Amino acid sequence: MNARSALLILLGLVIGILGTVFAMKALGDRNPMPHAVMTVMGHHMGALSEAVKTRQCDAAQANDHLLRLQSTAGDIAAAFPGAEQDFLDHAGRLRTALQNAVQAHPTDCAALATAIKPVGDACQSCHQKYR
Ligand code: HEC
């Protein structure tokens with residue numbers, strides 16, 4: 001092998017490695033907001049349904065989770081820039097459901113279950129269409 005072909009092979013390797021690094025960086029740059037917003041909402045929704053399931057429905061804690069859900073739901077539009085109107089309508093329905101749930105101020109498990117039912121429905125209806 002002469003020096004020139006050795007150099008070409010080396011060059012090829014370097015270009016290959018650089019390409020991999022760029023591809024990995026592009027993947028890492030994927031907008032993390034949708035995942036973040038949904039994960040946070042999943043956490044609070046999970047805590048609420050766990051409370052109902054285990055029959056441990058503390059009014060103050062439920063209120064806290066509902067308020068966090070409500071404020072996080074306000075970030076959906078920002079997390080999905082360029083989303084179509086129907087998607088934003090789904091997000092609006094979730095916000096309405098959460099507002100009602102917060103206003104209901106559930107103090108026992110029966111009331112909490114009733115309050116979060118429309119919220120869960122709003123999550124599900126958007127997921128069925130867009131997830
Ligand atoms: C307006 C539409 C919409 C609404 C309303 C909505 N979601 Fe989502 N959700 C999505 C989309 C789209 C994805 C997929 C996101 C992705 O792949 O980046 C998703 C994904 C998720 C995930 C998986 C997250 C991940 O990336 O691993 C969870 C958990 C989740 N949603 C929870 C909820 C909960 C809980 C609610 C209701 C309180 C809710 N979502 C309401 C659109 C919605």
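Whatever order the structure lists ligands and atoms in, that order sets their numbers, starting from 1. All values derive from a computational prediction rather than experimental measurement.
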Check: every ligand 1 N/O to protein N/O pair under 3.5 Å:
unit_1   : atom_1 : unit_2 : atom_2 : d
ligand 1 : 7 (N)  : H127   : NE2    : 2.8
ligand 1 : 9 (N)  : H127   : NE2    : 2.8
ligand 1 : 26 (O) : H35    : ND1    : 2.5
ligand 1 : 27 (O) : H35    : ND1    : 3.3
ligand 1 : 31 (N) : H127   : NE2    : 2.8
ligand 1 : 40 (N) : H127   : NE2    : 2.8

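Considering only residues two or more places apart in sequence or on other chains, A122 meets the side-chain contact (heavy atoms from CB on, under 4.5 Å) condition with L94. D58 is linked by a side chain to side chain donor-acceptor pair (under 3.5 Å) to nothing, counting only residues two or more places apart in sequence or in another chain.
With hydrogens and angles left out, the side-chain atoms of S5 and N2 include a donor and acceptor closer than 3.5 Å.
Minimum heavy-atom separation, A51 to C109: O-SG, 4.0 Å. Residue A115 comes nearest to A101 through the heavy atom pair O-CB, 3.6 Å, listed as atom of the first residue, atom of the second, then distance.
For residues 89-104, no residue pair satisfies the salt bridge (charged side-chain N to carboxylate O under 4.0 Å, His left out) rule, not counting sequence neighbours.
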